[in-house]
Amino acid sequence: MLASFRWLQELCPVDADVAEVARRISLAGLEVEAMERKGHDLSGVVIAEIRAKKPHPKRDDLTLVRVFDGENEHDVVCGASNVPDPGGRVLFARSGAVLPGGMQIAPRKVGGVESSGMICSEEELGIGADGEGIFVLDEDHRALPGTNAADALDLRDVILDISLTPNRPDCLGHVGIAREIGVLFGMPYSPRKAAGPRRAFLPEGAFRPGQPTTRLAPLWDSESDMVDSPKLPAISVEIVDGDRCPRYGAALVSGVEVGPSPFWLRYRLHNLGLRALSNVVDATNLILLEWGHPIHGFDLDRLRGSKVVVRLADEGEKTATLDGIERTFTSDDLLICDGEGPVAVAGVMGGLFSEIRDDTKHVLIECAYFDPRSIRRTSRRLGLHTDSSHRFERGVDPEAIPQVLASAASLIAELGGGAVAADAIDCVARAHRPASIRLRPERAARLLGTPVSKEESMRILESLGCRIVEHDGETIEAQTPSWRPDLTREVDLIEEVARVRGYDQIPTAMPRAHVSEAGTPGLLKLVDELRDAAVACGLYEAINYGFLSVEDLRRARVGADAVMLANPLSEERAVMRTSLLPGLTGAASRAQRHGATEVRLFEIARTFQPTGDVLPHEQTVLAINLAGHRPGWIGAEQAFDLYDGKGVIEAIIDRVFGRKPELVSGDLPSFMHPKRSGVVTLASEGVGFVGEIHPEVSDDLELIGRVIYAELDVPALHALSEKLGPPQARDLPKFPAVTRDIAMLVRDAFTAGEIADALQAASNGLAESVRLFDLYRGDQIPEGHRSLAFRVTYRDTSGTLTDKQVDKVHGSLAKVARDRFEATIR
Amino acid sequence: MAEPDAVRTFEDGLAQIRATFEQALRAAEDEPQLRLINARYVGPQGELTALLKLMPKLPGNRRRELGQAANALKQGIQQAFDETLDRIHRSARDAELTGPHLDLTLPGRWQMPGRLHPITRIRNDVLDIFVSMGFDVADGPEVELYENCFDKLGFPPDHPATDEHDTFFVDGDRPSDAPTVLLRTQTSTIQIREMMKRKPPLAIVSPGAVYRRDDDATHSPMFFQLEGFLVDQDVSFAELKGVLTLFLRRLFDEHVALRFRASYFPFVEPGGEVDMSCVFCRAWEQDRARTAACRVCKGTGWMEILGCGMIHPVVFENVGYDPEKYTGFAFGMGLDRIAMLKYGIPNIKLLYENDVRFLSQF
Ligand SMILES: [Zn+2]
């Protein structure tokens with residue numbers, strides 16, 4: 001909402017500067033986001049009188065003009081076609097002036113002729129939208145040449161850009177904001193009556209008999225000359241759906257002449273972001289900005305049957321709106337119709353057919369109250385958000401209708417001539433009932449944490465326009481004003497008290513010590529531990545969007561049965577991820593394209609799996625992605641392989657659980673390499689997988705080289721951690737250990753793990769550990785074989801082992817290797 | 001059988017060794033050389049070892065005497081060895097202590113430079129503060145029911161209050177035009193879920209991803225919020241101010257001042273927004289020129305940091321709490337925004353591009 005500080009001061013003349021007013025209303029909930037000074041930067045622009053004009057010697061489109069700026073005469077070349085005759089006055093920027101757009105005025109040659117200064121248009125001075133011709137003062141304007149333009153045209157203002165919350169429809173007009181300023185500065189605001197029209201008539205015969213009407217004359221502050229009623233067909237208003245349209249008023253202005261608005265009105269609309277069109281339309285817009293009440297002008301001659309019918313549309317009914325677009329309605333849309341069909345979409349936009357035109361003579365002004373929810377649904381369905389729907393869907397003041405009509409009719413008559421019907425139609429289908437709310441100051445004091453007296457509460461409520469119905473020792477009963485639909489219960493009044501006083505008046509306290517009963521859920525703690533462990537392994541944490549494209553899922557060969565969005569921003573982000581693979585490898589692929597030689601990423605986030613229920617299953621997953629080179633010291637670089645992934649998984653699980661996971665063959669997702677990946681188990685339960693991404697998938701994901709990917713199922717790990725419990729202390733060994741190595745040549749068919757297990761099993765419980773420490777393939781080794789070397793640590797828990805004992809058991813290990821694995825001991 | 005030659009050989013041998021060992025050992029320049037020389041005397045093939053093998057051939061009356069002499073010589077050799085070895089070690093150490101420096105610029109080993117995402121870092125900082133004040137941490141689903149995201153939080157039906165929340169809806173859950181499943185637009189949904197599960201007193205913070213249909217220079221369609229609330233008997237706005245003041249001072253700077261402005265969120269009343277004195281120009285130091293030139297607060301000295309208020313009684317009614325008995329406060333903040341403020345991140349998009357060159361900065 002843009003607001004003119006000048007206008008606000010006219011409505012509520014508080015003794016405070018704009019900065020202070022902006023600060024106070026911001027603290028009270030009307031947040032001023034920006035302030036723009038208008039008419040303050042026109043110091044070199046003055047009124048000048050045309051002394052002479054003649055055609056440019058070389059160019060037809062230019063005129064040579066001599067102007068008098070109050071001090072000197074200047075010769076200026078002007079490109080506009082509307083240069084007035086001598087005696088006419090224009091706005092002249094002297095050499096040295098800087099225009100609001102930053103343009104510096106300096107003497108220069110135009111078409112070979114010296115030009116000193118510039119005769120300006122509204123647009124060039126930032127005071128209007130008209131850039132076609134130069135600005136020419138009205139003949140009756142009294143400003144003398146040399147007068148500063150800002151003084152002569154009364155241009156100085158400050159425009160406040162107020163970010164209004166949707167609960168404050170009352171402040172969508174200057175009257176409401178002025179009222180709020182009055183409350184905050186302790187200066188009770190009383191709405192001023194509108195100036196009366198010069199001419200009015202008694203609408204005998206103008207309205208169909210039986211139409212409920214309201215008198216406008218008491219709402220005007222001056223008497224009007226009474227003239228004869230124009231001869232017009234009798235007008236009627238019928239509300240068919242009273243729930244959707246509780247109140248509908250209509251005022252009549254007869255004999256208007258549509259034309260341009262005066263400068264002050266155009267200037268005001270321009271500063272407030274609206275484009276001036278014609279006096280009647282500009283008047284309706286000014287009333288909108290003043291009262292926050294959208295009004296609509298119908299050309300009475302085009303209102304077939306001189307009739308207004310407010311009804312719901314028939315399903316599929318059509319009409320063209322003001323913007324020229326044909327709209328189709330549903331039976332949930334409220335229409336304003338004439339005797340034959342729709343003429344406006346109630347509260348949203350007028351129709352093309354009955355709009356005000358240049359030849360309009362009689363204007364019927366609509367001012368109504370529509371059901372906010374109805375207007376909002378229609379506006380959203382049509383995708384039409386207008387100044388009108390914006391206000392109606394928030395709730396206008398139903399009781400202001402007569403006043404708004406009185407102001408609007410009078411303004412239109414002032415601008416366009418014509419006479420105003422002294423009565424206006426006022427159909428009330430559902431009378432407004434003010435909310436009656438009990439406020440307990442003691443409750444307010446407890447909620448705010450600071451004393452609140454009954455007297456102060458009453459004073460604040462009354463200043464806001466509440467009527468105190470009664471009050472006793474403990475409670476105040478207040479009726480809320482019709483312009484505050486947001487006040488519906490006690491806490492709303494407590495907020496008003498707090499807000500008007502200022503939140504800064506509330507002290508600062510600490511709550512009673514609060515001891516958490518539940519603590520942080522174990523799963524969340526586990527997520528944090530896993531995250532820290534992953535970072536300790538040298539991984540960088542990634543955060544990807546939860547949504548991606550169907551194509552991403554397809555390329556990654558991950559579950560395609562996904563939660564789809566009904567209104568995605570793009571196809572790229574249309575489904576919820578079923579796997580972290582696409583997001584994480586996407587980051588890796590981008591990093592590779594920038595030339596990153598090592599990519600070490602992880603992410604802990606949710607995947608979304610559709611279920612039979614309304615909500616999908618959200619599964620927290622830890623995913624790891626390694627690509628490029630292993631971080632090493634100086635020397636040869638080595639590409640990441642399965643064992644790097646395995647090592648990271650082992651390190652993470654070991655750090656969090658104090659146990660080592662195993663890697664076994666088993667069911668793998670189809671995006672993993674079938675021979676270079678494995679299932680991660682902890683205490684024999686599957687908790688994830690690790691390995692190389694399938695080469696075909698890797699190609700589709702545009703990854704370079706062998707890329708390692710792993711996932712751990714976080715809830716499964718959490719369930720296991722509860723089952724396994726914390727690590728338990730064991731006795732430290734009392735007797736020394738003896739180590740012996742055993743090296744063998746064996747076929748690839750046997751895994752190092754199974755050989756180690758068999759060796760350990762053959763040791764009669766004496767081998768504390770069997771650890772692979774060397775693996776060799778090469779020149780001396782036959783095809784399909786490898787050399788494995790194990791270091792066996794022997795220890796007897798009941799005594800010191802002798803060499804003889806060790807020799808014996810070590811020999812039996814060699815025998816097992818030969819017999820079971822056809823190994824050649826080396 | 002004793003051999004008289006043996007005695008002679010033995011004695012000559014001892015004399016020979018005695019005459020040379022001292023000089024030979026002490027002349028060694030390094031440990032390997034020393035050990036080589038030592039082995040010439042006492043190694044398996046050493047001269048003294050060879051003599052000792054003659055011992056059985058010595059006559060009984062001389063054996064003891066000669067044996068003692070050999071042993072004394074062996075000890076002498078050992079002593080010379082030990083002393084020389086000690087000298088060699090010492091001179092090596094001296095050489096190292098006084099000699100050339102190692103190249104300190106070679107890269108270190110054991111490098112594992114992993115990093116948390118900046119949003120996680122901020123989230124951890126924020127959680128630490130609230131957990132230390134006694135708040136629990138809770139979590140809820142990202143794909144939510146409409147009623148938990150809006151209705152139960154007191155958003156009136158067909159009301160412009162939802163305009164701030166341009167919502168992603170989930171497809172195909174129902175043919176009607178009233179979608180019931182959506183991506184949560186705010187973490188306030190967790191208020192509803194936790195209050196329906198538990199009874200007061202409650203103090204909970206809940207960080208998480210939220211989604212809104214905004215995608216431009218300053219908005220990301222997914223971002224992170226942190227919601228907090230406290231419900232008990234007689235909880236007041238003054239306490240809300242106390243908790244948030246303490247929180248922001250701990251998170252940013254002990255000097256920051258707070259400004260509470262009235263505002264509107266359907267689920268709180270009285271509702272407000274909190275401005276904090278600008279931490280970039282350190283507005284509390286009242287350096288007017290510096291604040292006037294500050295791009296972050298645009299010269300105002302204030303920055304909007306969070307939304308808050310007293311939990312609306314309609315929310316309590318919707319979760320089955322008695323609003324006459326219980327009161328509470330709630331607050332919410334954007335973790336992205338705080339991360340951007342704290343780490344000077346110029347563009348929200350950087351947070352979700354996962355560019356390693358960016359991630360490695362935190
Ligand atoms: Zn600043």
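Every value quoted in this text rests on a predicted model; they were computed, and no experiment measured them. Each chain gets a letter, A, B and so on, in the order the sequences are listed, and its residues count up from 1.
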J.: At a heavy-atom separation under 4.5 Å, does B:R123 approach chain A through its side chain, its backbone, both, or neither?
T.: side chain
J.: Between B:G309, B:A203, B:P266, which residue shows the highest count of heavy-atom pairs closer than 4.5 Å to chain A?
T.: B:A203
J.: Looking at A:L569, A:I375, A:I494, which has the largest count of heavy-atom pairs under 4.5 Å with chain B?
T.: A:L569
J.: Side chain to side chain contact (heavy atoms under 4.5 Å, CB included), that's the test. Do B:L351 and A:I543 meet it? Break it down for me.
T.: CA-CA 8 Å; B:L351 293 172; A:I543 295 182; over 6 Å; no
J.: Examine whether an atom of A:H594 lies under 4.5 Å from a heavy atom of chain B, and if so say whether it belongs to the side chain, the backbone or both; otherwise answer neither.
T.: side chain
J.: Go through B:R198, B:R357, B:E269, B:M133 and name the one with the most non-hydrogen pairs under 4.5 angstrom from chain A.
T.: B:E269
J.: Any sub-3.5 Å donor-acceptor pair from A:E618's side-chain atoms to B:E142's backbone N or O?
T.: yes
J.: Against chain B, label A:A542 side chain, backbone, both or neither, depending on which of its atoms sit under 4.5 Å from a heavy atom there.
T.: both
J.: To the nearest 0.5 Å, tell me how far B:L183 CG sits from A:F608 CZ.
T.: 7.5 Å
J.: Please report the interatomic distance CD1(A:I506) to CZ(B:F237), rounded to the nearest 0.5 Å.
T.: 4.5 Å
J.: Hey, does the side chain of A:R446 reach the backbone of B:T327 with a donor-acceptor pair shorter than 3.5 angstrom?
T.: no
J.: Is A:L448 in contact with chain B via its backbone, its side chain, both, or neither, using a 4.5 Å heavy-atom distance?
T.: both
J.: Tell me which of these, B:A262, B:G271, B:S236, has more heavy-atom pairs under 4.5 Å with chain A than the rest.
T.: B:A262
J.: Give a yes or no on whether the backbone of B:D232 and the side-chain of A:R512 come within a donor-acceptor separation of less than 3.5 Å.
T.: no
J.: With a 4.5 angstrom heavy-atom cut-off, which part of A:A534 approaches chain B: side chain, backbone, both or neither?
T.: neither
J.: Quick one: what part of B:H159 sits under 4.5 Å from any heavy atom of chain A, side chain, backbone, both or neither?
T.: both
J.: Just by distance, do the side chain of B:D136 and the backbone of A:G519 share a donor-acceptor pair under 3.5 Å?
T.: yes
J.: Taking A:I634, A:D492, A:V563 one by one, which has the highest count of heavy-atom pairs under 4.5 Å against chain B?
T.: A:D492
J.: So which part of B:F224 gets closer than 4.5 Å to some heavy atom of chain A, the side chain, the backbone, both or neither?
T.: side chain
J.: Among the options B:G272, B:P118, B:G108, pick out the one with the most heavy-atom pairs lying under 4.5 Å from chain A.
T.: B:G108
J.: Under a 4.5 Å heavy-atom cutoff, which of A:P511, A:G449, A:A587, A:G29 has the most pairs with chain B?
T.: A:P511
J.: With a 4.5 angstrom heavy-atom cut-off, could you sort out which part of A:R373 is near chain B: side chain, backbone, both or neither?
T.: both
J.: Which one of A:V535, A:D532, A:D504 has the most heavy-atom pairs closer than 4.5 Å to chain B?
T.: A:V535
J.: Regarding A:S26 and B:R259, is there a side-chain donor-to-acceptor distance under 3.5 Å anywhere?
T.: no
J.: Give, as side chain, backbone, both or neither, the part of A:R380 having an atom under 4.5 angstrom from any heavy atom of chain B.
T.: side chain
J.: Select, from A:P372, A:S163, A:G395, A:P507, the one with the greatest count of heavy-atom pairs under 4.5 Å involving chain B.
T.: A:P507
J.: For salt bridge (charged side-chain N to carboxylate O under 4.0 Å, His left out), just list the numbers for A:R376 and B:D158, CA-CA rounded to whole Å, side-chain angles, deciding distance to a tenth of an Å, and then say yes or no.
T.: CA-CA 6 Å; A:R376 181 173 170 81; B:D158 300 323; 5.5 Å; no
J.: What part of B:E353 is in contact with chain A, defined as an atom under 4.5 angstrom from a non-hydrogen atom: side chain, backbone, both or neither?
T.: backbone
J.: Under a 4.5 Å heavy-atom cut-off, does chain A meet the side chain of B:V235, its backbone, both or neither?
T.: backbone
J.: Less than 4.5 Å to any heavy atom of chain A: does that hold for the side chain of B:E304, its backbone, both, or neither?
T.: side chain
J.: Carefully, step by step, assess A:R489 and B:E317 under the rule salt bridge (charged side-chain N to carboxylate O under 4.0 Å, His left out).
T.: CA-CA 13 Å; A:R489 54 193 295 171; B:E317 286 160 8; 2.8 Å; yes
J.: Select one option (side chain, backbone, both, neither) describing which atoms of A:E31 are under 4.5 Å from chain B's heavy atoms.
T.: side chain
J.: Between A:Y545 and chain B, which part of the residue has a heavy atom less than 4.5 Å away: side chain, backbone, both or neither?
T.: both
J.: Between B:V170 and A:M564, is a side chain to side chain contact (heavy atoms under 4.5 Å, CB included) present by the stated rule, with each step listed?
T.: CA-CA 6 Å; B:V170 165; A:M564 316 279 288; over 6 Å; no
J.: With a 4.5 Å cut-off on heavy-atom pairs, point out which of B:Y352, B:F265, B:F260 contacts chain A the most.
T.: B:Y352
J.: Please confirm whether the backbone N or O of B:H117 pairs with a side-chain atom of A:E541, one donor and one acceptor, at under 3.5 Å?
T.: yes
J.: Given that the side chain runs from C-beta out, which part of B:T300 has a heavy atom under 4.5 Å from chain A: side chain, backbone, both or neither?
T.: neither
J.: Check whether A:R24 gets within reach of chain B through its side chain, its backbone, both or neither, counting any heavy atom under 4.5 Å.
T.: neither
J.: Looking at A:N544, A:L447, A:T165, A:D528, which makes the most heavy-atom pairs under 4.5 Å with chain B?
T.: A:L447
J.: A:L615 versus chain B, heavy atoms under 4.5 Å apart: side chain, backbone, both or neither?
T.: side chain
J.: Under 4.5 Å from any heavy atom of chain B, what part of A:V491 do you find: side chain, backbone, both or neither?
T.: both
J.: Is B:S263 close to chain A through its backbone or its side chain, or both, or neither, when contacts mean heavy atoms under 4.5 Å?
T.: both
J.: Does anything in residues 204-211 of chain B get under 4.5 Å of chain A by heavy atoms, and if so which residues?
T.: B:Y211
J.: Contact part of A:L601 toward chain B, heavy-atom cut-off under 4.5 Å: side chain, backbone, both or neither?
T.: side chain
J.: Does atom CD (B:Q361) have a neighbourhood of more than 12 heavy atoms from anything else shown, all under 6.0 Å?
T.: yes
J.: Tell me, side chain or backbone of B:P156 under 4.5 Å from chain A's heavy atoms, or both, or neither?
T.: neither
